[in-house]
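Remarks on the structure that follows.
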There are 4 protein chains.
Amino acid sequence: MMKFVDLNSDVGESFGRYRIGYDEEVLKHATSANIGCGFHAGDPLIMEKTVEIAIKNGVQVGAHPGYPDLLGFGRRKLEASPKEVYSYVLYQLGALSAFAKAKKVKVQHLKAHGAMYNTAARDYDLAKAIAQAVSDFDNEMILLALANSEMVNAARDLGIKVAREVFADRAYDDDGFLVPRNKPGAMIEDEDLAIKRAIKMVKEGRVESMDGKEIGVKADSICVHGDNPKAVQFAKRIREGLETNGVKVAPMREFIK
Amino acid sequence: MMKFVDLNSDVGESFGRYRIGYDEEVLKHATSANIGCGFHAGDPLIMEKTVEIAIKNGVQVGAHPGYPDLLGFGRRKLEASPKEVYSYVLYQLGALSAFAKAKKVKVQHLKAHGAMYNTAARDYDLAKAIAQAVSDFDNEMILLALANSEMVNAARDLGIKVAREVFADRAYDDDGFLVPRNKPGAMIEDEDLAIKRAIKMVKEGRVESMDGKEIGVKADSICVHGDNPKAVQFAKRIREGLETNGVKVAPMREFIK
Amino acid sequence: MMKFVDLNSDVGESFGRYRIGYDEEVLKHATSANIGCGFHAGDPLIMEKTVEIAIKNGVQVGAHPGYPDLLGFGRRKLEASPKEVYSYVLYQLGALSAFAKAKKVKVQHLKAHGAMYNTAARDYDLAKAIAQAVSDFDNEMILLALANSEMVNAARDLGIKVAREVFADRAYDDDGFLVPRNKPGAMIEDEDLAIKRAIKMVKEGRVESMDGKEIGVKADSICVHGDNPKAVQFAKRIREGLETNGVKVAPMREFIK
Amino acid sequence: MMKFVDLNSDVGESFGRYRIGYDEEVLKHATSANIGCGFHAGDPLIMEKTVEIAIKNGVQVGAHPGYPDLLGFGRRKLEASPKEVYSYVLYQLGALSAFAKAKKVKVQHLKAHGAMYNTAARDYDLAKAIAQAVSDFDNEMILLALANSEMVNAARDLGIKVAREVFADRAYDDDGFLVPRNKPGAMIEDEDLAIKRAIKMVKEGRVESMDGKEIGVKADSICVHGDNPKAVQFAKRIREGLETNGVKVAPMREFIK
């Protein structure tokens, strides 16, 4: 059976006169774009421009909502209630969808950003608030969620589509969770190894944990970065590595049902 | 022939812990709600709540986008380009539409707020940017525009629906424009006179200018306020006055084609 | 020996067109004003105006910095580092001091707001960041800190002046900490009892805990509120109660050395 | 008689995770730093860091307040009243001064940013509001103002110190005002010519207008940029050119009395 995987990338995170990320470059290799929606990053002009870049590159458009914390780039945990998060996600999703609609495309998916993503990975109520916003807006839309996380559970409970995200360059613990970045060994520095691990997660749904166990980590989408030219280069390499190994790289909407 | 008119009111302009406006009260009398979208006022929780209040009262939902100036409540002119305004309006319209969608209603109309409204009344390029955002988002949507303004012209040029807004409590000049508030006589203080003028604008499409001329001012929608209990009381009175005089008060979607 | 106490109140928390609090009223009874500095609430015009009101009423001016979260009114915990909090506090303190300076008065004290206050009460590193900002700005300034909290410890360790704040209307636990608001019995509803407790904290430095123990809670300043007319009325009553019982109500600078 | 000139540069305009400008590089050549204060750009952490960089390079610290428009980088005209601008400037000046105070230095000067600077150059009331804020905060502080502008007049009327700013790379009209950037010939592209013009403005207080007339433009400070490596290189060149021609390059406080 053919194996599919999506490559997603966070883009559209510039703001006003400030520029961040090699959006044009990384979207040559990714298949799905997570576009900042103006809370943690991004602004209306940037969103419009980024939707255009995605379309030009045949990349699917997704919303990338975050906490209302531009100063902290959405990376700081904020004690917002599920009710607040629901409304923040719905607001941002709607805002992005307007730019998509104006360009005659649909928003394929939604991926929460930074601290919201990390918190919802472990907090079912928050995860459910995010999934509910997606469901209420468009129940054909896909929630892009950390594999093995509460976001996957919440999406399933609400009956919406979910794509499980994995990280090629991150170590996993025995529970199938990401090892926090500040722990030694959390980052997989060896690019060849990272690609090998990604292929295994896609084809077998398994990866070796930091403690040497084989654990289940299903991969529907792999996160690639456009922060710097090296990251973009790695996005290209991982795509080639997947394709060479018989994996079909395609937008998640083509295989997530 | 039956004469129709809509009563619109700016609502959903609270923010965070701050409360402004008697939304629940004024929406008992208005037929269309212009809901703040988070730039000049309003926030995601408030938007959600306000859409609920509108639905509960059988009031149609509309977007009320403004300049990104919460500190100035969107009342200060900001030198934003038409391209910027287009993207600001589209962003806010999308954000509001998400709350409407989640509650299974459509956004009926859009009315620009404050300085954006006033500037676009005289500036065709800005007016066109606003109308274009409406058109690109949903070409069935109605632009609620100051009667005799460039916004009406822009909507017509783009082929979208337009409802002409009038003010019962404001004087008009010979060109059919509002007399600036800071001029003596700009405000019609006599409520009975204001109601009489409103009825005439609706039924005859005419009003007496400050200089005593009969001028053309077509009224599809009259602005009513919910800032204070007295304003709410006037909204009730004007509605009764219109109905007593054979005017059908209804949401603009029922008669704007 | 004469017993002194200060009455402090959070004021200047309006924003733009939004109004909150009966500042003019409560500052007739308080002796120290904690003025919002534009992050969780307040804006430059409001700050200027509030400094004026304080001066007119013979009330001492203090800074009331919070997290950069206007949407949440600074009441939501934000995972900001001590280094970030240090710079946020210094920024806000400087901003307020400019308005004080322009009116020829000094900033007497600083009291952190909301979630920043609550977090720093238990987190020594955060408390120290706040105290350090005060110390670096003006080492004669007083830190207004929750009695028995880490803020008191941090101020002492840095050698700056500290005033211990108590709450007349809140229950204390056996450790001398406030019982969280959501617990039953957390609020002292009986006003006479609240005043009696306040007098005891001022005169004896003791109060009865929720579990009936006598615990040490030293009171240099009592928090009074201006949220509503009833709160203002209570501020008046508590002041009268204190004075009737031989306590001298005065700005903290007159007795904190 | 020895001729002096200051070289000023806009720095500290990064925000959160966003970086802009070669601050460390340009401050090797400039003598005065105009530091963003958090409204149009800059944030508390960036301000603290920038004050440190200035001190390390022996550069004098100045405030660079702007309109509250991060999205537009303070470059868009905002219809704020003189009263509003006064309070915005005072707020930002105070905020910056706190970081200076914490590092035991004084704020030498203030230069308004972008649209606020351009508007105040022609609008006396706005100029006076800015000058008044400086005067009320510290009447020893210098207002850095466009030569020949209303800001110079306002500073003189209020009796505060003023340094006249000139631009080496900009053409002047016959009134001694800058030719708008969008006009042909507005920019002096030839670096050698730009340096020659700067020297003449410093030594003779005169420059050739675009129409070939000799006009009076007194130069107390020349604006240099750190936007890109080429601009930094030019800052170095102009400094060398001035020094080679017998001009003493020094912070404005050393010669503005």
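Reminder, nothing fancy here: chain letters follow the sequence lines and each chain counts from 1. Source: prediction; values computed, not measured. Note: hydrogens, waters and symmetry copies are ignored here, and every other heavy atom, side chains too, is used.
In this structure, the side chain to side chain contact (heavy atoms under 4.5 Å, CB included) partners of B:Ala154, at least two apart in sequence or on a different chain, are B:Tyr124, B:Ala127, B:Lys128, B:Ala131.
Looking at B:Leu70, the atoms closer than 4.5 Å to chain C (heavy atoms on both sides) sit in the backbone and in the side chain alike. Of the two parts of B:Phe15, the backbone and the side chain both hold a non-hydrogen atom closer than 4.5 Å to a non-hydrogen atom of chain C.
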Cross-interface N/O pairs, chain C with chain B, donor-acceptor, under 3.5 angstrom:
from	atom 1	to	atom 2	distance (Å)
C:Glu13	O	B:Tyr18	OH	2.6
C:Arg17	NH2	B:Asp227	OD2	3.0
C:Tyr18	OH	B:Glu13	O	2.6
C:Asp227	OD2	B:Arg17	NH2	3.0

